[in-house]
Each structure stands twice: as structure tokens, then as C-alpha cells.
S.K.: 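Can you read through this structure? Questions will come right after.
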Amino acid sequence: MEFTRRETLAVGGAAALVAMLPKGAYAATTEEWIAEFTGGAEMADAGLDLTAPEIAENGNTVPIEVSADGASEILVLATGNPTPGVAKFTFGPLAAAQYASTRIRLAGTQDVVAIAKLADGSFARASKTVKVTIGGCGG
Amino acid sequence: MADGVKPRVKVPKSASAGEAITIKTLISHPMESGQRKDSSGNTIPRSIINRFTCEFNGESVIDVTMEPAISTNPYFEFEATVPEAGEFKFTWYDDDGSVYEDSKKIEIG
């Protein structure tokens, strides 16, 4: 495959642009993560289900489930980890249910928090305490 | 580090139009968190998959932004609506710029 000079410049330029995109503002605390996601809006207690085990023997892989009818986004945070961010699920038009299940790392016993942006633009919050017997951050 | 990264996806072969199906995905990846230290005390640099997307015929089903707190071999389970026959496209984005892809066709029947 041969590139003309013009094509090479275009490809290089595009790559440089991608490299320069911010990786998302680095937010240090759980409160900052929540504030960035909700913009400081009030959070209701209903409308979001967070399923996590009460006791996790191995913090390296803790199964969790989130589900919120009609939500456009769900943010999951682990308040006791070195960095609280876990994942953000954005649901597209073809998501049959605003539901997702994954496995996460927990450094120790702590609260897992989920926040959903609901269809009407309001926010819902759910949290669950998980006891961890063996931490999951290589400590 | 992107050795031996292998995506695995479970999608039913067929569905009825408009049906909701469950999709399971797993990709083998060490998901180095950037928190661990090696035997000589040096921090092992972060190397994770930071984004996962699933599309059906070009329309988004789910888009996940991932942080280092996602376990080794990231696993996701979610539900998708199948309006017509077509193809699911799965894409994982690695910190090192690699992109891993998989796709699965589904029929209406």
C-alpha cells in the first residue's frame, strides 16, 4: 500500500488529533465524580437497582448488576478504591433493557455506588456495602 | 501489552423481529490497573481496555467507559433489541491504541 504525500499528512494529522484528546478530566474523589456526572443535581433513591454480593471472598472479581428503566447512562463507583471510577454504561436506542452486568475489583470492604441518569433527566442513586475478604488491588 | 487478547461473544443465532436477546461478552486481557508494584518495587504501568461498544447494523446498543477497577478479562452481559436480521459489531479499545473487533450475524426466524 502506497501513500501519497497528501494522504500521509492526513493520516498523521488524524492520529495526532486522537492522541491529543483529553482522557476525561481526572477527578480524585467520589464526590467529584458524582458532581461531574450529575452537575450537582438532586438524586432520588428509587428508579435504580444495584445488585452486588454482601460478602465477596475475592476482591479481584466481584460480580455486579445495574438496571434502571429508561436510563440513558449509569455510572458505577467504588468509594474505597484508590481511584473511585469503575465504569460508565451509555445505553443506545437498541438496548432492550437498561441493564448491564460485569465484574469489578474492590480494594477492600466498602460501598459500591451507582448513579443513573433517567429518561426525564433526573438522577437516581443506589449504594450497597460489600465486605471483601481479600483485596483486589495487588496490595 | 496486548498479547493473547481474544474476544469471545455469545449471541443467539436467530431471534424473532423485535425480540430482546441477552448478549454475553468476554475478552481476555490482563487489565493492569497501574496500582500494582513488581518484585523490585516499581509500579507496573497501567494497561487496560478503556472502552467497549456494541452496535447492531450501525446503531448503538451499549457503550461502556471502563476504569482500572474492571476485573481482568472484562466480562459484560446486557440486552439488545433485534428489529431485523443483521450483524452485531463488538469493539474494544485498548490503552495502547489497539482495537479488537468481533461480529456476530443474527437471523430472523
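We name chains A, B, ... by the order of the sequence lines, and we start the count at 1 in each one.
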S.K.: Hey, any chance A/Phe89 and B/Phe88 share a hydrophobic cluster, counting ILVMFWY side chains that come within less than 4.5 Å of each other, even indirectly?
M.R.: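 Yes; tracing contacts between hydrophobic side chains, which count when under 4.5 Å, links both residues.
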S.K.: Any chance you could measure A/Glu65, atom CD, to B/Glu77, atom CD, to the nearest 0.5 Å?
M.R.: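 Atom-to-atom, A/Glu65:CD and B/Glu77:CD are 7.0 Å apart.
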S.K.: Restricting to non-hydrogen atoms, name the atom on A/Val86 and the atom on B/Ile70 that form the minimum distance, rounded to 0.1 Å.
M.R.: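 Taking every non-hydrogen atom into account, O-CG1, 3.5 Å.
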S.K.: Identify the heavy atoms of A/Ala96 and B/Ala80 that sit nearest to each other, and give their distance.
M.R.: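 What the structure gives for the nearest pair is CB-C, 3.5 Å.
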S.K.: Identify which part of A/Ala97 has an atom lying under 4.5 Å from any heavy atom of chain B, answering side chain, backbone, both or neither.
M.R.: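 When you check distances to chain B, atoms from both the backbone and side chain of A/Ala97 fall under 4.5 Å.
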S.K.: Can you tell me if CG on A/Asp45 sees more than 12 non-hydrogen neighbours from other groups inside 6.0 Å?
M.R.: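 For A/Asp45, atom CG is not crowded (no more than 12 foreign heavy atoms under 6.0 Å).
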S.K.: Counting heavy-atom pairs under 4.5 Å with chain A, which one of B/Asn73, B/Val64, B/Ile21 comes out on top?
M.R.: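 Ranked by heavy-atom pairs under 4.5 Å with chain A, first place is B/Val64.
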S.K.: CG of A/Asn81 to CD of B/Glu67: how many Å apart, nearest 0.5 Å?
M.R.: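 That separation rounds to 11.0 Å.
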S.K.: When only pairs under 4.5 Å are counted, which of B/Glu19, B/Glu59, B/Glu55, B/Arg51 shares the most heavy-atom pairs with chain A?
M.R.: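 Of the candidates given, the most pairs with chain A belong to B/Glu59.
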S.K.: Please answer whether the main-chain N or O of A/Ile104 pairs with a side-chain N or O of B/Ser71 as donor and acceptor at a distance below 3.5 Å.
M.R.: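 Judged by distance alone, yes, a pair lies under 3.5 Å.
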S.K.: With a 4.5 angstrom heavy-atom cut-off, which part of B/Ile48 approaches chain A: side chain, backbone, both or neither?
M.R.: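 Neither the backbone nor the side chain of B/Ile48 comes within 4.5 Å of chain A.
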S.K.: Is there a path of hydrophobic side-chain contacts, each under 4.5 Å between heavy atoms of I/L/V/M/F/W/Y residues, joining B/Leu26 to A/Val62?
M.R.: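 No, A/Val62 does not connect to B/Leu26 through the hydrophobic network.
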S.K.: Give, for atom CD of A/Gln98 and atom CZ of B/Phe78, the distance between the pair rounded to the nearest 0.5 Å.
M.R.: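 Output value for this atom pair is 13.0 Å.
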S.K.: Is there a side-chain hydrogen bond (donor to acceptor under 3.5 Å, both in side chains) between B/Thr72 and A/Arg105? Walk through the geometry before answering.
M.R.: CA-CA 9 Å; B/Thr72 305; A/Arg105 289 179 177 141; 2.9 Å; yes
S.K.: Between CG of A/Leu94 and CD1 of B/Ile62, what distance do you get to the nearest 0.5 Å?
M.R.: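 These two atoms lie 12.0 Å from each other.
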S.K.: So with a 6.0 Å cut-off around CD of A/Glu54, is the heavy-atom count from everything else above 12?
M.R.: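 No.
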S.K.: Do B/Met31 and B/Ile44 belong together in a cluster built from hydrophobic side chains that touch within less than 4.5 Å?
M.R.: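 Hydrophobic grouping puts B/Met31 apart from B/Ile44.
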S.K.: I'd like to know if B/Val61 and A/Phe91 are part of one continuous hydrophobic network [Ile/Leu/Val/Met/Phe/Trp/Tyr, side-chain heavy atoms within less than 4.5 Å].
M.R.: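 Yes; B/Val61 is reachable from A/Phe91 via cluster members.
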S.K.: Is A/Asp69 atom CG crowded by more than 12 heavy atoms from other residues, nucleotides or ligands, each under 6.0 Å away?
M.R.: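 Count not over threshold, so no.
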S.K.: Considering only heavy atoms, which portion of B/Pro74 lies under 4.5 Å from any heavy atom of chain A: side chain, backbone, both, or neither?
M.R.: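 B/Pro74 has no heavy atom closer than 4.5 Å to chain A.
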